[in-house]
Every structure is written in C-alpha cells, then in structure tokens.
*Asks:* 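Here you go, one structure.
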Amino acid sequence: MTSPLDQKLSAALGGRTAQAFQRGLGLETVGDLLSHYPRRYARRGELSSLTDLPIDENVTIVAEVLEVRSRSMQARRGTISEVLIGDGRGTLTLTFFNQKWRENELRPGVRGIFAGKVGVYRNSFQLAHPDYELFDVAADPSAAKAWAETPIPIYPATSTVASWQVAKAVGVVLDTLPELDDPVPDAVRSARGLVPYRRALELVHRPAVDSEWGAARKSLKFQEAFVLQAGLLLQRERLRATAATPRSPGELLEGFDAALPFELTGDQRAVGTEIAADLAGDVPMNRLVQGEVGSGKTLVALRAMLAVAESGGQSALLAPTEVLAHQHLRSIVRTLGPDLAARLRPTILTGQLPVAERRKALLAIVSGSSRIVVGTHALLGDAVTFFDLGLVVVDEQHRFGVEQREALRVKGAQPPHVLVLTATPIPRTVAMTVFGDLDISSIAELPAGRSPISTHVVPLAEKPGWMTRVWERVAEELAQGRQAFVVCPAIDESSAEDAPLEAPATADTVARKRATVTETLAELRTNPLLEGRRIEALHGRMSSDEKDALMRSFAEGRIDVLVATTVIEVGVDVPNASAMVVLDADRFGVSQLHQLRGRVGRGSVPGLCLLVTVAEEGTLARERVDAVAATLDGFELANRDLELRQEGDVLGSIQSGGRSSLRLVRVTRDGELIGDARLLAGELLAEDPGLERHPALRAALDRRLDEESQAFLSKN
Ligand code: ADP
Ligand code: MG
C-alpha cells in the first residue's frame, strides 16, 4: 500500500512544473511539497519591511507602487523602466529592460507581492525583472476586508520558483488529497489537543485566519519530533541487538595509570568508568564524549584503547586532518612511554604516506601487530583490513559524518565499539535530536593548573588605531619567550577559504577584502615591532610533510609567530603559545573562534586572544565576535550560536552536511517538546516494537530513512 504522499510530483502537477520544483527546491513527491511549509504569513493589507533586505537573496515583499518612470538607455538601444515601490518604511526599485508595457500594470497606488533577487545598483537596492502578483481589490470592494485579512503563505522560494507558484501547486495537490493516516497515534493526539494530519496540512497551507496555521504548525511540529525520536530509538535498538566482543582492562592499563605523571581529573575518572562498563558489555558501545579543548579527552580515549589492547584487540583513531593525525601519533607514543609503545606499535596511515611506508603500515594493521592505528579518512579505504578491530575513536565529530562512522563500523568482524570525541559543545537538545542514538558523557573539569584565556575584541570600525596595539601586544608576549598564532580567513587573494568558514556571508563581508596569510606574512616580516622574529606561514595548500615540519618547529620553539589559516583549528597543542590574533574574526563562526582560542593558554602561562574585526557595532557579524569575547563557557556559546545563526546551518555542520529533515522543530526552543516526543515514542515502541499496529508511523520512518540515504547518495 503506497501513501498518496509518495506520489511523484510529475504525476500530480505535470512534467514541466515538477521539473522546476525538483531543480529549484529539491522537491520530488507530493509529501515533499506538502512539507515545504510557508516561511511566514503575510497579509494583503499589511506592508512588509523593506528596511532589512538581504543582498543576493531571493525575497518576497508586499508593497505599494509609488512611482513609475521609463527612459531610454544611454549606452545601448532600448528603454529601462524603473518602478519605485514602498512599504511606508523603505523603498526599493524594480527595473525592467525593454518592457515599457509594465507601466500599464504597475500604476502608482497598486499593491502586490514582488519577488526577486536583491541587488545593489548605485547605492540603492533593486530587483531586476522581478516576478509579481498584484492584488485586485477593485473587483469586489465588499470582500476587501476579509480578503485583506486572509493570511498569505510566503514560501521559501528561489529565482526559478516563486512563492505563489508553490502556493498554486500546493493548492492543486490539496484539492484532491484524500484522508491520510496519522503517524501520531490517536490517543497521543487527542491528549495533546492536536489537529489530525490531513487537516493540519490544509490549515498550514491555506489558513483562513492566523489561529488556524498556528494550531496546524503546532501539530505538524509535534509529529516531526515524534517521528524523529521514534526513528532514533529504533536505530538504537537495532544497534543494541548486534553483538560486540566484550573488552576488559588489565595489566596494560594498570601499568599506564601507574606511570602517569599526573592525577586524572574527577570527570576523566567518571567518564573512564562509563566507558569501561560499555566496553565490558556485549553490545557495541556508541558514546560521545564532549569536553572543552584541553580537558583531556584524548587521554580518556587512550585508556579505552589500552583496555581493548589487553585482549589483543586493535583501536583506530580517526583524525580530521593530516597535521592532527601526526600530532596524535606523536603524543600517543610519548604518553605511552617506550615500553608500552614497543608492545602496542602505534602506527599511522594517511593518504600522503610514501608507498613503502604505507605498505608497512597496512601490514602492521592486517597482521594485528599494531594495536593502535592513527589515521585520516584514508583508514576508511578498501585496502585497509584490520586483524581484530575492537574500538573506533573519532576525534572531532563535526568533521566526520555518520556515514564515515558507519564505514569504519563494518571493518570489524563484529561491530567495533565506537567512541566519538568532540570539543564542540553540543547543547543537550541538539545532541538528543541529532545524536539521539549516542550515549553522552561530558568532561567539564579542566586539569589543574590551566591558565585562563582573556579575549578582547579589537573593533577597527570604531578604533582604527588599535591595530598597532595588537602587534605591540604580540611583541610583548614574544619578549617573554612565548609564541603567537595569527589566523587569517584565506591563504591569498585568489584562493578560496582553506577550510570552510562557518560565518554566514553578509553583503558587507562579501564586498570586503579578506586578510590573507600571504599579505599578513609579508607585513609582519617587515613590521619593526617584530624585527628579528622568526615568522612562518602554515596553510592547507602545503604538503603534509611541510605542514608537519612547520608544526614541529613551532612546537619546539624554533618559530615565534605562525601565520595560518584554520588548519590549526583543531587539537594542535603547543603549551608555550600564549597569544592568538584572529584577523577578520567576523568571518569565522562562533564555535570556530572558540576552537581557535583553545589553541592558546594550554600551558601554565595565561592565554591572550585578540579578535580583530571591522564589523560595526550592532551588526550580526559583530554580535557573534562579541559573544565569543564575552564568555569562555563553550556550552553557553553553543547556545548563543544557535540563537545567532540559522539553525539549519548548525545542524548541517554537525550532521555531516546532509539535508536536515527538520522543518518545524527548532532545537534551541523546542527542548521540552523533543523530550515529550521521546518519552511518548519510547512508550509506543515498548508496546509495539515492530510497529505492526502503527503502519502510518512505520511508513513515515521509511520515508525519513529514504530521505537520509538519498542525501547520502547525492553527496557521494
Ligand atoms: P583534549 O583532547 O580534550 O583537547 P588532551 O587529552 O589532548 O585534551 O589533553 C591536553 C593536555 O593535557 C595533554 O598534554 C595531556 O597530556 C594533558 N592532560 C590530560 N589529562 C590531564 C590531567 N588529568 N592532568 C594534567 N594534564 C592532563
Ligand atoms: Mg584532542
């Protein structure tokens, strides 16, 4: 039995329209279209804001025509018609080339919806050749009031599919849509006072009054949370149903602990106990450990590896970059000490390894003689076979997707235990929504003796003179025998960003020149304040040998200032580095800045982080930079970050970049709803694990899985 929601749009709307919807909005089925919910609702009587237009984005505006003018163009033949529209607060110009007849339609006083891409021409905003739909109030003046009060759904649109085209298509589909089975059981729905599915779709797309779409969205939002949580719970059950090899610690770990030059922190000990219990079980561990940079997560993971090694098992540590993989290997070898290192033979495998070394590494892995293997995504390759893979540790989850985790999972004869480490603090609600299948441990406590980092914003918009002071501060740090990082958003003028920068682009940042590694390096080398200092550049276009050699020189104190891109973002550990200057800080995301800042203040000297920006006070860009300076608490920042940016971005970056299946649920605001949904979904699954009595929920889950596997396929 197939659901009406699975019908192809081509069957419902015809091939041409369906193709436009597929290309423009990625919508393929009736279900896709119906869950393309309005972004907001406008009123015909209401004029929406023209004061806050995002450049280069497609907007839909309700406004009134104020003035129309046509003139001949100077440079070439033809006319240009300029139509000034306004909403009482701002104005915007529509331009049409060689379409003088528009004057007949777009008369002063006429109101309508206008849609197009916002551009800037001679310092004013304009829409070139916009689509529009005018309101025809004159036709029936008596109906004008009701008509003016009907909410108009405004859909997310693109340059090829306008909002009202979506509305029209939705109308066509709704007109013939039969009754639908509801994934939310009747009892749950009536207890919460929710609208049935079919009715909710009608009301969300074609409300007569505002209260209708309010109730509809509430119901659809609950349904979304409910289906999501049911899916996550099922996935977790499925994993629990597979068997893993239990691993128990023994003399390897005892010896290691006894030789540690410091005490474990309370949190490290507690998380260690949780992990040990997981490892000793016969279902695969699937645990996320989150903790600030420097809180000692890697050490916790190493102790887990020793437990696995006790019975001859192997552990694989996946690092996001070559630099980090090498650093991990060095620090693991050092931390293990010569005896343990000789027994466990830590080995590295990355894409850049010379052929002979690669062959040696592969042999050590397949024979089982290496019980700790560190690597980049090269570890996921087909050529890599483990003798007995017992544990996979993924460092910095946000760079690895779910699918990579899966690729490694299938490398064991039996599914290995999985431990994910992340320094990106994930609010509880997000963790539950996105990683609902992972158990979560937190390390909040930093090892004793860590020095605080002080962060300052250097606001060049208001204080252009402060740049000199920045380099003075760096010089002062160097004078005390310390080292500094200078981070730039790009390698050189022509290059793309080295690593994706997480800050959303705004009109201002797009137009502005970026600070680059090349220029900054040249500038600092000739800066009299830094005379005689050794200044080098590090970025992603260098070979991993070069990067590695540079990092090593820096770590050994042979370089004073490292000018770099975000390649240094994750995990690099140089205790003597005390200062970090981030140029164009507003181009980085909040959590990126927080991660970068974690590179300093790792030793016993206090860290200093200077965030240089030309973003002006009051802009969103500046707010993000200010937020980072305002607190060292990563968890608070993560929440602030969610507030300041588009939620989709956050989920996207955490969630391996796949299209988020969340449409209405907002993890920042809907924590309670998600919790409720989880509880109710759990109760339902306890009674009906196979969902035999809930076919509609089952179908909804299949649809969601489909969506995810398609997102995965389209990326690979
Ligand atoms: P993370 O991976 O969380 O950033 P690491 O595990 O790399 O942190 O630890 C950072 C540094 O702190 C390492 O040099 C490590 O040896 C050290 N360290 C870890 N745990 C402790 C502890 N309990 N006491 C003192 N130093 C510690
Ligand atoms: Mg680390």
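Order of appearance sets the numbers: ligands from 1, and atoms from 1 within every ligand.
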*Asks:* Of all the atoms in ligand 1, which lie at a distance below 4.0 Å from a heavy atom belonging to T265?
*Replies:*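 Answer, ordered by atom number: 23 (N).
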*Asks:* Can you find an N/O atom of F262 closer than 3.5 Å to an N/O atom of ligand 1?
*Replies:* no
*Asks:* Quick check on contacts: which atoms of ligand 1 are under 4.0 angstrom from a heavy atom of L264?
*Replies:* 23 (N)
*Asks:* Regarding atom 6 (O) of ligand 1: of the candidates L260, V289, T298, which has the closest heavy atom?
*Replies:* T298
*Asks:* Would you mind checking if E476 and R473 are paired as a salt bridge, meaning a charged N to carboxylate O distance below 4.0 Å?
*Replies:* yes
*Asks:* Using 0.5 Å steps for rounding, measure from the OG1 atom of T565 to the CD1 atom of I491.
*Replies:* 5.5 Å
*Asks:* Side-chain donor-acceptor contacts of residues 551-558 below 3.5 Å, not counting sequence neighbours, with atom names and distances?
*Replies:*
unit_1, atom_1, unit_2, atom_2, d
R552, NH2, D548, OD2, 2.9
S553, OG, A549, O, 3.0
S553, OG, R558, NH1, 3.3
E556, OE1, R558, NE, 3.4
E556, OE1, R558, NH2, 2.4

*Asks:* Are D395 and K297 within salt-bridge range, i.e. N to O under 4.0 Å?
*Replies:*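 No.
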*Asks:* Going by atom types alone, do R287 and S441 pair a side-chain donor with an acceptor below 3.5 Å?
*Replies:* yes
*Asks:* Hey, does S295 sit under 4.0 Å from ligand 1 if you only count heavy atoms?
*Replies:*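 Yes, S295 has a heavy atom closer than 4.0 Å to ligand 1.
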*Asks:* Provide the number and element of each atom of ligand 1 under 4.0 Å from a heavy atom of L299.
*Replies:*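 Ligand 1 atoms under the 4.0 Å threshold to L299: 6 (O), 20 (N).
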*Asks:* Of all the atoms in ligand 1, which lie at a distance below 4.0 Å from a heavy atom belonging to E263?
*Replies:* 22 (C), 23 (N), 24 (N)
*Asks:* Hey, are the side chains of L349 and L362 touching, using non-hydrogen atoms and a 4.5 Å cut-off?
*Replies:* yes
